Amino acid sequence: MELSDRYSPKEVEGRLYKWWSDKGYFAAQDQSTKPPYSVILPPPNVTGQLHIGHALNHSMQDLLIRWKRMSGFNALWMPGTDHAGIATQGVVERELAKEKLTRRELGREKFLERVWGWKKQYGDRIIEQMKYLGDSCDWDRFVFTLDEGVSLAVRRVFVQLYKKGLIYKGTKLINWSPKLESALSDLEVEYKEIKGSLYHIRYPTEDGKGEVTVATTRPETMLGDVAVAVHPQDERYKALIGKKVRIPLTTRSIPVIADEYVDKEFGSGVVKITPAHDFNDYTIGIRHKLPMITILNRDGTLNENGLAYKGLKVQEARKRVLDDLRAQNFIVKEDPHTHSVGHDSRTGVVAEPMLSEQWFVKMETLAGPAKAVVENGTVSFEPEAWAKTYLHWLNNIQDWCISRQLWWGHRIPAWYCEGCKHINVAETAPVKCEKCNSANLKQEDDVLDTWFSSALWPFSTMGWPEETETLKTFYPTDVLVTGHDIIFFWVARMIMLGLEFRGDVPFRKVLITGLIRDAEGRKMSKSLGNALDPVELIEEFGADSVRFTLLAQVAAGKDLKFSVPRLEGYRNFMNKIWNAARFSLSVLSDFSPPATGVRTLAKIENLSDADSWIIYKLAECERQVDELLGAARFSEAANVLYDFVWHKFCDWYLELIKPVLYGDKQTERVTTQLVLAQTLNRIVRLLHPFVPFITEEIYQKLPIKGEACIVDAYPNPKSDRDWLALGAKEKAQELDLVIEVIAAIRNIRGENRIKPGDDLVVRLSPVEASAQKVLQANKAYIMKLSKLSKCDIDVAGSLSKCALTPVSIHGHKVDVIVYLEGIVDLGEERKRIEKAIEKFQKDMTSLDARLKNDNFVKNAPEDVVVQGRAQLVELSTKIKSLQDSLIRLN
RNA sequence: AGGGGCUUAGCUCAGUUGGUAGAGCGCUACCCUUACAAGGUAGAUGUCGUGGGUUCGAAUCCCCCAGCCCCUACCA
């Protein structure tokens, strides 16, 4: 016995992964006669750890890659990692904090050395974890976003977009993180509902004779007010338009302006305008050419415009301002008010709208073609609904703020001339200013948004801007597998830049995965403590079990609840596969494949019904798997395989062939051994992309095999035609009858509580000659699998004290009759038969009603009607048989 | 506010051309039958969220309502 009685993944997985890797099986060829197939791995963050979402995403990609590789494609899975600007810098800054240091104290260069050191030491832990999962990436091509090649691509893209006028530097109101002290893109701001108050504040008119009441949630920003606005048609305030009011707590007076933006119904109908700290106010400010007063510093404290509140953080300033307003009786009222407030999605602090000079990408020009390719189907989303989300975003797109006041990342390739202030944008550091020739140049301190380099990933990883063979062969890629949370961040931007710089889409199809939730449906997160660590799960259950659990449950774009009991179920499936293989190999120990090879197999004669049946079922299975994988319906493919392996191959085929294998008819035995060996070989190959380790391990011990499962052919109805042709439908259907008969006997046994050990005497009463022949031919199977001491096949005979079950399938009809006298209390059997009659009668009533409906007969497809009629006849004969037997039980 | 999704067996979920509902787990009974007790055999369980419409026929298509979730935008 070559295999141990339980599959232990631990011992197998590491060894096989290394072997595959050493053999170079993961490598794709830049030039090949095989058709190309490529997938880009969404580069995980270097700070990252494999989480269950990765495990799902990667299982899907690896399934595709392995399937295509086995199907004769030159399959490339392009791996890499992302420097993840903010996240990584944050990790190292926290380390520094433990040493009571800040990055500024260390200085840019020293700090970056630390980050690189960290990256080298811990950075690619996730890569190791990907290998645990079995990811078959082409590791020789591995790329890091800060590698020189990719960095050159980043600079090239930046310079070209700048020259085209698609990148510009400008002062705008942007989202600012006081914690990071950096700009954020709109997408990095997360809005959360906050319970706050709406403060109604008196603003006295300049002449001191009147006042208006302004409603605001942010009283501290009044220090940056430059106007108050009312609706032009608001009768209450019409007279005030053009007059001035004084900002409480200050000596400044500001004009009352009219703008249709103001909602008369909300609050007091008067809005304070703070253009430097609010997006709506900003647009109003521009419309009315108002000054803009910034009251905050980079770190979110108030600056000198904050007057007495200078140096305070926003929250503290708000409290103090309110105290003073209350003390001086400026507060009219305070209403509770819930509103959503933007937060820095990275650090969780409140993001402040700030007026700031930053670099932007102009999106409108790039968005047009990116919309077109999705509208015309060049790029498709699965599920399709996401295309709508994508298009909606592109239709309302804002310019992309790409500069970050961080150090870890691609430094913006712009050099400021200290002499003439000209901005030199170039791929490499210029020696002198292109305008005034001054050598006094200083590079931009800011780095690019991490997503900028990600946007180029599909071609930058392939060697662009060189026109490499890799690019020629593998761009555009075939499928992108990713979560819906980064459709805007990443998918849209890759499409835009792919079209701009390659003139072609980066991928043809976007497979959107759902989120993985816990058993209660909550998001998995560290803070909730409900996150399952896939690495731990792999250690406990094996990578294959984890992969199969995910793949068997993933429905396009739908969230997936992950539970350990389910995982245990699929771990059991792995064990089932293992034991089926173990059994097969033991009965194949004296088998050697025919010297003539596989090609001549079509000449096998005298296949048993069981052999013919399993080949036929295999053909059905291969056809479905082929279709389902092609349609990216992974879970359905997984379930087809599960059902075939467990409930066809193990439950029936292996049981049916035991008499032959243990028997002494050598010719039959050899034939069955051959079919078993071939079927097992195909099962292993079919399963391989789902569960690579266990299948390779078994494969290497098969009597019929090639070099390695990972590079053997994937069975499909076309490639496997010769073999599958051996499975005859008629034979398979005959065996289906045998299975039904066995099931019927077992049912009688079970329902009548007859011990499994007790032998039974059975008479099979076939209705027509064909069934008679089938039963006769397969009598041995029936006797063995339903444990009979005697089995007559005869139309005539007594029904006295007998259990009866009518069986009919594929047109064959048989009454299964079990002698019960002296074995059981007949009451049980009476109940069983009454129950069966009742059920059949119920079916018959509804079927009969349908068939009596003229409209049904007229409108339904003919085959449905014919089928219905046949079924009706069948039901009535079944009922009659049962009634007869009921009478004879007494 | 707009958009999308979900609601099917006790639990978690499948169910893509509308033909009368499935899986896994759990549960019950019996069984250590020499591949597998992480197993085998048999069994129980569903007015497919509510109401209406289209149809001969609806879990499936359309509308209403309810509950839950997500996204985008706005919120003085």
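Just so it is clear, the structure is predicted and the values come from calculations on it, not from any experiment.
Rounded to whole angstrom, the span from the CD atom of A:Q624 across to the P atom of B:rA14 amounts to 19 Å. Distance, A:E751 CD to B:rG43 P: 6 Å, rounded to whole Å. For the pair A:Y390 OH and B:rG3 C1', the interatomic distance rounds to 18 Å; values are reported in whole Å. Atom P of nucleotide B:rC25 and atom CD of A:Q553 are separated by 12 Å, given to the nearest angstrom. Per the geometry, CG belonging to A:N639 stands 9 Å off P belonging to B:rG24, to the nearest Å. Atom CG in A:L550 sits about 14 Å away from atom C1' in B:rC13, given to the nearest Å. At whole-Å resolution of the value, CZ in A:R566 and P in B:rA38 are 20 Å apart. In this entry the distance linking CG of A:L567 with C1' of B:rC13 reads 16 Å, nearest Å.
When both distances must be under 3.5 Å, the Watson-Crick or G-U wobble mate of B:rG24 is B:rC11. Across all strands shown, B:rU33 forms no Watson-Crick or G-U wobble pair with both key distances under 3.5 Å. Across all strands shown, B:rU72 forms a Watson-Crick or G-U wobble pair with B:rA1, both key distances being under 3.5 Å. Checking B:rU54 for Watson-Crick or G-U wobble geometry (two distances, each under 3.5 Å) identifies no partner in any strand. Nucleotide B:rC48 forms a pair with no other nucleotide shown, judged by Watson-Crick or G-U wobble geometry with both contacts under 3.5 Å. In this entry B:rU60 has no Watson-Crick or G-U wobble partner, no candidate having both defining distances under 3.5 Å.
Comment: A:R850 does not engage A:D848 in a salt bridge, judged by the lack of any side-chain N to carboxylate O separation of less than 4.0 angstrom. A salt bridge does not link A:E829 to A:K831: none of the charged side-chain nitrogens sits closer than 4.0 Å to a carboxylate oxygen. Salt-bridge annotation for A:E751 and A:K835: present, with a side-chain N of the basic residue lying under 4.0 Å from a carboxylate O of the acidic one. With respect to A:R623 and A:E627, a salt bridge is recorded, a charged nitrogen being found less than 4.0 Å from a carboxylate O.
For A:K835, a side-chain nitrogen or oxygen approaches OP1 or OP2 of B:rA44 to under 4.0 Å. Between A:K576 and B:rG39 there is no side-chain polar atom (N or O) within less than 4.0 angstrom of OP1 or OP2. The phosphate of B:rA35 (OP1 or OP2) has no side-chain N or O of A:Y7 nearer than 4.0 angstrom. Close to B:rG40, at under 4.0 Å from its OP1 or OP2, lies a side-chain N or O of A:W646. Distances shown here put every side-chain N or O of A:K388 at or beyond 4.0 Å from the OP1 or OP2 atom of B:rU72. Side-chain nitrogen and oxygen atoms of A:N747 include at least one within less than 4.0 Å of the OP1 or OP2 phosphate oxygen of B:rG43. At the phosphate of B:rG57, neither OP1 nor OP2 sits under 4.0 Å from any side-chain N or O atom of A:N853. Regarding contacts with the backbone of B:rG24, a side-chain N or O of A:H647 is found under 4.0 angstrom from either OP1 or OP2. In this model, the phosphate group of B:rC56 is approached by a side-chain N or O of A:N859 to a distance below 4.0 Å at OP1 or OP2.
The side chain of A:F856 lies closest to B:rG19 when the candidates are B:rU41, B:rC36, B:rG19.
Taking all atoms of both residues into account, the shortest heavy-atom contact from A:R236 to A:K264 is NH2-O, 3.1 Å. Here the closest heavy-atom approach between residue A:A580 and residue A:F649 is recorded as CB-CE2, 4.2 Å.
With sequence neighbours excluded, the residues satisfying ring-ring contact (aromatic ring centres under 6.0 Å, His included) with A:Y390 are A:F381.
In terms of position along RNA chain B, the nucleotide closest to A:R633 lies nearer the 5' end than the nucleotide closest to the other residue of the pair A:R633 and A:I742. Both A:E636 and A:G750 sit near RNA chain B, but only A:E636 has its closest nucleotide nearer the 5' end.
Side chain A:R749 to base B:rA42: no donor-acceptor pair is found below 3.5 Å. The base of B:rU20 sits within donor-acceptor range of the side chain of A:R850, with an N or O pair under 3.5 Å.
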